[in-house]
A.B. asks: 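Once you've had a glance at the structure underneath, I'll fire off some questions.
As the structure lists them, so they are numbered: ligands from 1, and atoms in each ligand from 1. Throughout, numbering of the chain's residues begins at 1 and tracks the sequence.
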Amino acid sequence: EAKAQGRNTLCFFDPQMQATASARSLLEADLRQALARSEFLVHYQRLVDADNRVLGAEALVRWQHPQRGLVPPMEFIGLAEQTGLILPLGRAVLRSACEQLARWAAHAASAHWTVSVNVSAHEFRHPGFVEQVLAILQETGAQPALLKLELTESLLLHDVEDCIAKMQVLRSRGVGFSLDDFGTGYSSLTYLKRLPLDQLKIDQSFVRDVLTDPNDAAIACTIVTLAQSLGLDVVAEGVETEGQRQFLLNNGCRCFQGYLFGRPGPAEALLQP
Ligand code: C2E
Ligand code: MG
Ligand code: MG
Ligand code: MG
C-alpha cells in the first residue's frame with residue numbers, strides 16, 4: 001500500500017486502492033467523531049496467580065459504535081496510530097484505567113489489584129508522554145505502583161536510550177513495565193538486559209499449541225527461564241485450557257491470562273469469582 005511506503009512514493013491508482021482509501025478516510029472521520037462522543041469504553045481481563053486468585057487486569061479498549069456494535073481494537077488501533085488519534089484515545093484509556101484503580105483501591109478485596117495498559121509506539125514516543133502519565137496518576141489518585149504499562153519489542157528497538165530514559169523516570173515514581181507479545185519481535189538479549197522492565201508476557205501464539213508443538217513448548221519454557229534469570233515476572237497470555245495452564249505451571253510460570261480464567265468484560269465482572 002502506497003501510504004505504508006511513505007508519502008513521497010509515486011504510484012498508480014487502481015479502483016481497489018481508491019475504495020480502500022475512501023474507506024479509510026470514512027473510518028478516520030468516524031474515529032474522530034467517536035472520540036468527541038466518547039464512544040470508546042474499556043474492558044478488563046483478569047490476570048491470575050497459580051491459585052486462580054486475581055492479581056489485576058489488563059485494560060482493553062473497545063469502540064461502542066452506534067451501528068456496528070462493539071468494535072475490537074484490531075479494527076481501529078492501526079488507523080488511530082497512523083492518524084495520531086491514538087494520542088487522545090490512549091489518554092482516555094489510561095484515565096479510565098487509573099480511575100478504575102482508584103475504585104478498586106477503596107475496597108479491601110481489590111486494593112492490591114494492578115492494571116495493565118497497552119501503550120502504542122506513537123504514544124510512547126510523544127515528548128509529553130511521561131508528564132501525561134504522571135498527571136493522570138495525580139488527577140485520579142491512582143497508586144503508581146499498581147499501574148503497569150505494556151510496551152512491545154518493536155517500540156523499544158527504536159531509540160533505545162530515549163526509551164530507557166522515559167522508563168526510568170516513570171519507574172522512579174513506581175510505575176511498572178511489561179513487555180507484551182514477547183517472542184514475536186526482534187529484541188536482542190543485550191537490550192533486554194538494559195531495559196528497566198518488570199514483566200515479560202509470553203505471546204499467545206506460543207501458548208496456543210504448547211501441548212502439541214514441541215517448538216512452541218520449548219520457546220514458552222525458554223521465556224519462563226529467561227524471565228527468571230533476569231529477575232522478571234512472567235505472564236502467559238491466551239491460556240484457554242486447563243492442560244495449557246498445567247504445562248506452564250509445571251514449567252515455572254505463576255501468572256496467567258486467558259479465556260480459561262475470564263474474557264475481557266466490564267470492570268464489575270472481576271468481582272465475580
Ligand atoms: P494484547 O495487548 O496482546 O491483548 C491481548 C489480546 O488477546 C486481547 O485482544 C484479548 O482479548 C485477547 N485474549 C485474551 N485471552 C485470550 C485467549 O484465551 N484466547 C485468545 N484467542 N485471545 C485472548 P483484544 O482485546 O482484541 O486486543 C487486541 C490488541 O489490541 C491488544 O493485544 C493490544 O495490542 C491492542 N489494544 C487493545 N487495547 C488497546 C489500547 O487501549 N491501546 C493500545 N495502544 N492498544 C490496545
Ligand atoms: Mg497487552
Ligand atoms: Mg499480548
Ligand atoms: Mg499485542
A.B. asks: Check this for me, if you would: do Glu28 and Arg32 make a salt bridge, where the nitrogen-to-carboxylate-oxygen distance has to be below 4.0 angstrom?
C.D. replies: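 Counted as a salt bridge, because a side-chain N and a carboxylate O are separated by less than 4.0 Å.
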A.B. asks: Could you tell me whether Gln257 and ligand 1 have an N or O pair separated by under 3.5 Å?
C.D. replies: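 Such a contact does not occur with ligand 1.
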A.B. asks: By number and element, which atoms of ligand 1 are closer than 4.0 Å to a non-hydrogen atom of Gly238?
C.D. replies: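 What qualifies from ligand 1 is 16 (C), 17 (C), 18 (O).
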A.B. asks: Please give me the minimum heavy-atom distance between Arg68 and Glu75, naming the atom from each residue.
C.D. replies: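 For Arg68 and Glu75, the tightest heavy-atom pair comes out as NH2-OE1, 3.0 Å.
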A.B. asks: Against heavy atoms of Asp181, which atoms of ligand 1 measure under 4.0 Å?
C.D. replies: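 In order of number, 3 (O).
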A.B. asks: Please work out whether any backbone atom (N, CA, C, O) or any side-chain heavy atom from C-beta onward of Asp180 is under 4.0 Å from ligand 1, and answer side chain, backbone, both or neither.
C.D. replies: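 Side chain only; the backbone of Asp180 stays clear of ligand 1.
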A.B. asks: Name the one of Asp209, Asp216, Val210 that satisfies side chain to side chain contact (heavy atoms under 4.5 Å, CB included) with Thr212?
C.D. replies: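 Filter result, single survivor: Asp209.
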A.B. asks: Using the side-chain hydrogen bond (donor to acceptor under 3.5 Å, both in side chains) rule, take Ser120 and Glu123 through it: C-alpha gap first, then chi angles, then the decisive distance, then the call.
C.D. replies: CA-CA 5 Å; Ser120 74; Glu123 287 175 84; 3.2 Å; yes
A.B. asks: Any atoms of ligand 1 less than 4.0 Å from a non-hydrogen atom of Gln45? List them with their elements.
C.D. replies: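 Listed by number with element, the hits are 14 (C), 15 (N).
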A.B. asks: Just checking: Glu237, one of its N/O/S atoms, less than 2.8 Å away from the Mg ion (ligand 2), yes or no?
C.D. replies: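 Here the distance criterion (N, O or S atom, under 2.8 Å) is not met by Glu237, so no.
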A.B. asks: Is there a side-chain contact between Arg95 and Arg91, using heavy atoms and a 4.5 Å cut-off?
C.D. replies: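 The answer is no, as the side chains (C-beta and beyond) never meet within the 4.5 Å cut-off.
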A.B. asks: Under the salt bridge (charged side-chain N to carboxylate O under 4.0 Å, His left out) rule, what do Glu268 and Arg103 come out as? Steps first, then yes or no, please.
C.D. replies: CA-CA 11 Å; Glu268 300 73 55; Arg103 267 180 240 123; 5.9 Å; no
A.B. asks: Need the atom name: nearest N/O/S atom of Asp180 to the Mg ion (ligand 3).
C.D. replies: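 Asp180's closest N, O or S atom to the Mg ion (ligand 3) is named OD1.
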A.B. asks: Would you mind running through ligand 1 and noting each atom that sits below 4.0 Å from a heavy atom of Gly258?
C.D. replies: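 In order of numbering, the contacting atoms are 15 (N), 18 (O).
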A.B. asks: Could you tell me whether Val93 approaches ligand 1 through its side chain, its backbone, both or neither, with non-hydrogen atoms closer than 4.0 Å?
C.D. replies: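 Just the side chain.
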A.B. asks: Is the NZ or CZ atom of Arg263 both under 6.0 Å from the centre of the six-membered ring of Tyr259 and within 45° of that ring's axis?
C.D. replies: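 Yes, cation above the ring, under 6.0 Å and within 45°.
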A.B. asks: Show the atoms of ligand 1 that are less than 4.0 angstrom away from any heavy atom in Glu123.
C.D. replies: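 Contacts of ligand 1 toward Glu123, numbered from 1: 44 (N).
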A.B. asks: Within a distance under 4.0 Å of any heavy atom of Glu240, pick out the atoms of ligand 1 and give their elements.
C.D. replies: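 Under 4.0 Å from Glu240, ligand 1 has these atoms: 17 (C), 18 (O), 19 (N), 20 (C), 21 (N).
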A.B. asks: Need the atom name: nearest N/O/S atom of Glu150 to the Mg ion (ligand 2).
C.D. replies: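 In Glu150, the N, O or S atom with the shortest distance to the Mg ion (ligand 2) is OE1.
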A.B. asks: Can Lys148 be said to sit on top of Phe177's aromatic six-ring, NZ or CZ under 6.0 Å from centre and within 45° of the ring axis?
C.D. replies: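 Judged by the rule (NZ or CZ under 6.0 Å from the ring centre, within 45° of its axis), Lys148 is not positioned above Phe177.
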A.B. asks: Is the closest side-chain heavy-atom distance between Met167 and Leu156 below 4.5 Å?
C.D. replies: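 The answer is yes; the side chains approach within 4.5 Å.
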A.B. asks: Does Ser178 bring an N, O or S atom to within less than 2.8 Å of the Mg ion (ligand 2)?
C.D. replies: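 Within the cut-off used here (under 2.8 Å), Ser178 places no N, O or S atom near the Mg ion (ligand 2).
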A.B. asks: Is Glu58 paired with Lys201 through a side-chain N to carboxylate O contact shorter than 4.0 Å?
C.D. replies: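 Counted as a salt bridge, because a side-chain N and a carboxylate O are separated by less than 4.0 Å.
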A.B. asks: Provide the number and element of each atom of ligand 1 under 4.0 Å from a heavy atom of Met74.
C.D. replies: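 In order of numbering, the contacting atoms are 28 (C), 29 (C).
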A.B. asks: Return yes when Lys201 approaches ligand 1 closer than 4.0 angstrom through a heavy atom, no otherwise.
C.D. replies: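 No, that is not the case, since the closest heavy atom of the residue is not under 4.0 Å from the ligand.
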A.B. asks: So, Asp203 and the Mg ion (ligand 3): N/O/S under 2.8 Å, yes or no?
C.D. replies: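 No, Asp203 does not qualify, because none of its backbone or side-chain N, O or S atoms lies under 2.8 Å.
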A.B. asks: Would you check whether Glu81 reaches within less than 4.0 Å of ligand 1, judged by its heavy atoms?
C.D. replies: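 Checking ligand 1 against Glu81, which is what was asked, there is no heavy-atom contact under 4.0 Å.
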A.B. asks: Would Glu58 count as a contact of ligand 1 if the rule is a heavy atom under 4.0 Å away?
C.D. replies: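 For ligand 1, residue contact (heavy atoms, under 4.0 Å) with Glu58 is present.
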A.B. asks: Less than 4.0 angstrom from a charged side-chain N to a carboxylate O is my criterion; do Asp198 and Arg171 meet it?
C.D. replies: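 Judged by the 4.0 Å cut-off on N to carboxylate O distance, Asp198 and Arg171 do form a salt bridge.
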A.B. asks: When you check the gap from the basic side-chain N to the acidic O, do Glu131 and Lys166 get nearer than 4.0 Å?
C.D. replies: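 Here Glu131 does not pair with Lys166 in a salt bridge, since their nearest N and O are not under 4.0 Å apart.
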A.B. asks: With a cut-off of 2.8 Å, does Glu58 put an N/O/S atom close enough to the Mg ion (ligand 2)?
C.D. replies: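 Looking at Glu58, which is the residue asked about, there is an N, O or S atom under 2.8 Å from the Mg ion (ligand 2).
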A.B. asks: Could you tell me, atom by atom, which parts of ligand 1 come under 4.0 Å of a heavy atom of Ser120?
C.D. replies: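 Reading through ligand 1 atom by atom, the close ones are 44 (N).
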A.B. asks: I would like to know whether Gln82 and Arg24 meet side-chain hydrogen bond (donor to acceptor under 3.5 Å, both in side chains); could you show each step before the answer?
C.D. replies: CA-CA 11 Å; Gln82 289 163 39; Arg24 270 170 65 123; 2.9 Å; yes
A.B. asks: Compute the shortest N/O to N/O distance between Val61 and ligand 1 and return yes if it is under 3.5 Å, no if not.
C.D. replies: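 Between Val61 and ligand 1, an N or O pair is found under 3.5 Å apart.
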A.B. asks: In Asp181, the N, O or S atom nearest to the Mg ion (ligand 3) is which?
C.D. replies: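 So the atom name we want here is OD1.
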